[in-house]
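Accompanying notes for the structure given below.
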Amino acid sequence: MSSISKGRRKFITDSAKGAIAVSIGLSAAGSFITSSASAGIPAAFPAFTGFDQQPLPYKYDALENIIDAMTMEIHYSKHAAAYSKNIKEAAAAEAVDITKPLEEVLAKISKYSAKMRNNGGGHYNHELFWQCMRPKIADNKPSGKLATAIDKTFTSLAEFKKQFGDAGKNRFGSGWAWLYADKDKNLKIGSTPNQDNPLMDISDIKGTPLLALDVWEHAYYLKYQNRRPDYIENWWNVVNWDFVQQRFEKL
């Protein structure tokens with residue numbers, strides 16, 4: 001490893017260890033379900049997200065050896081926690097009702113500040129990302145209607161993984177790769193920069209997110225350094241296909 005890489009890794013590790021813990025409100029309630037009519041959101045949205053950071057659905061070391069425990073702890077308790085804290089600050093400043101779904105804000109994010117866009121997207125994306133993963137299992141792959149739809153749309157699971165992986169590998173700088181459903185419920189693959197997502201009215205890709213992959217460096221650097229393709233390839237072992245399928249079947 002080069003001296004630059006060693007220094008960078010040491011900086012990230014030391015910064016994490018020396019950081020003051022972010023004060024966050026962990027709500028016991030999960031994402032709530034409400035009717036699309038009362039929420040004013042298209043029926044395609046299968047579930048809704050609140051403004052509080054939810055408890056991680058597994059321990060920090062549960063995704064070893066794909067994602068290391070230190071990365072998970074830093075990612076969840078520092079990066080993601082900050083998004084939740086900051087979006088509530090933005091909501092207070094911009095008179096946003098935080099008892100309503102975050103999706104309502106994201107759908108018209110062009111009307112809000114950069115702070116709301118960055119932190120609203122960051123909070124939503126991470127809340128989804130945690131649920132898109134689980135401890136690795138043998139022969140991890142989709143089943144049922146989702147598997148059928150993937151084969152129909154992309155010809156095979158292998159081809160789907162290739163296209164999705166390319167979306168993540170080719171995203172310049174920081175961002176996300178997505179499997180999402182468009183307004184006609186067709187499966188699509190795409191990527192967004194920074195903390196944008198397909199729910200946003202300013203996004204080049206639009207639809208309902210089903211599977212999210214974080215390709216910011218902080219999601220993988222301690223273990224993979226600059227080897228983003230290795231991170232993406234290994235990540236398939238911990239994808240929670242049951243969760244993705246549930247979202248798909250609720251469209």
Q) Just how far is it from atom NE2 of His75 to atom CG of Leu222, taken to the nearest 0.5 Å? A) 11.5 Å
Q. If you take all heavy atoms of Ile189 and Ala167, which pair is closest and at what distance?
A. CG2-CB, 3.9 Å
Q | Asp204 CG: over 12 foreign heavy atoms closer than 6.0 Å | A | no
Q. For the residue pair Trp241 and Phe248, is the inter-centroid distance of their aromatic rings smaller than 6.0 Å?
A. no
**Q.** Exercise: identify the closest heavy-atom pair between Pro209 and Leu199
**A.** CD-CD2, 3.5 Å
Q. Are His126 and Tyr83 close enough that their ring centres sit under 6.0 Å apart?
A. yes
Q | Exam field: side chain Arg228 to backbone Val215, donor-acceptor pair closer than 3.5 Å | A | yes
Q) If only atom types and distance count, is the side chain of Thr71 paired as donor or acceptor with the main-chain N or O of Ile67 below 3.5 Å? A) no
Q: Please report the closest heavy-atom contact between Phe129 and Asp214, naming both atoms and the distance.
A: CE1-N, 3.6 Å
Q | Rounded distance (nearest 0.5 Å) linking atom CD of Glu127 with atom CG of Asp52 | A | 9.0 Å
(Q) Could you measure the distance from the CE atom of Met116 to the NZ atom of Lys108? Nearest 0.5 Å is fine. (A) 10.5 Å
(Q) Is there a path of hydrophobic side-chain contacts, each under 4.5 Å between heavy atoms, that joins Leu251 and Leu211? (A) yes
Q. How far does CD1 of Ile74 sit from OH of Tyr221, to the nearest 0.5 angstrom?
A. 13.0 Å
Q. Around Glu233, counting heavy atoms of other residues, nucleotides and ligands shown, do more than 12 lie under 6.0 Å from its CD?
A. no
Q: Look only at the side chain of Thr155 and the backbone of Asp151, and say whether a donor-acceptor pair between them is shorter than 3.5 Å.
A: no
Q. Donor-acceptor pair, Asn125 side chain versus Gln195 backbone, under 3.5 Å?
A. yes
(Q) Using side chain to side chain donor-acceptor pair (under 3.5 Å), reason through Asn234 and Tyr224 one step at a time and then give a plain yes or no. (A) CA-CA 10 Å; Asn234 289 336; Tyr224 297 96; 3.2 Å; yes
Q | Pairwise side-chain contact, Phe51 with Ser84, heavy-atom cut-off 4.5 Å (strictly under) | A | no
Q. Any donor and acceptor pair, going by atom type alone, linking the side chain of Thr153 with main-chain N or O of Asn186 inside 3.5 Å?
A. no
Q) So, Glu217 side chain and Ser174 main chain: donor-acceptor pair closer than 3.5 Å or not? A) no
Q: Kindly give the heavy-atom pair with the smallest separation between Tyr76 and Leu56, and that separation in Å.
A: OH-N, 3.4 Å
**Q.** Side-chain donor-acceptor contact under 3.5 Å, Lys136 with Asn65
**A.** yes
Q: Write down the atom of Phe164, the atom of Trp178, and the distance for their closest heavy-atom approach.
A: CE1-C, 3.4 Å
Q: Keeping the roles fixed (side chain from Asn194, backbone from Gly175), state whether a donor-acceptor pair exists under 3.5 Å.
A: no
Q: Would you indicate whether the side-chain heavy atoms of Lys206 and Asp182 approach each other to under 4.5 Å?
A: no
Q | Nearest non-hydrogen partners of Asp196 and Trp176, listed with the distance | A | O-CD1, 4.4 Å
Q | Side chains of Gln245 and Lys145 in contact at under 4.5 Å (non-hydrogen atoms) | A | no
Q. Rounded to the nearest 0.5 Å, what separation is found between the CZ atom of Arg117 and the CG atom of Asp201?
A. 9.0 Å
Q) Would a distance-only check, ignoring hydrogens and angles, find a side-chain to backbone donor-acceptor pair under 3.5 Å from Glu94 to Ser113? A) yes
Q) Quick one: CG on Leu213 to CH2 on Trp236, what's the gap to the nearest 0.5 Å? A) 7.5 Å
Q) Is a donor on one side and an acceptor on the other found under 3.5 Å between the side chain of Glu104 and the backbone of Lys100? A) no
**Q.** Sub-4.5 Å side-chain heavy-atom contact between Tyr124 and Asn197
**A.** yes
Q | Any side-chain heavy-atom pair of Pro198 and Thr208 under 4.5 Å | A | no
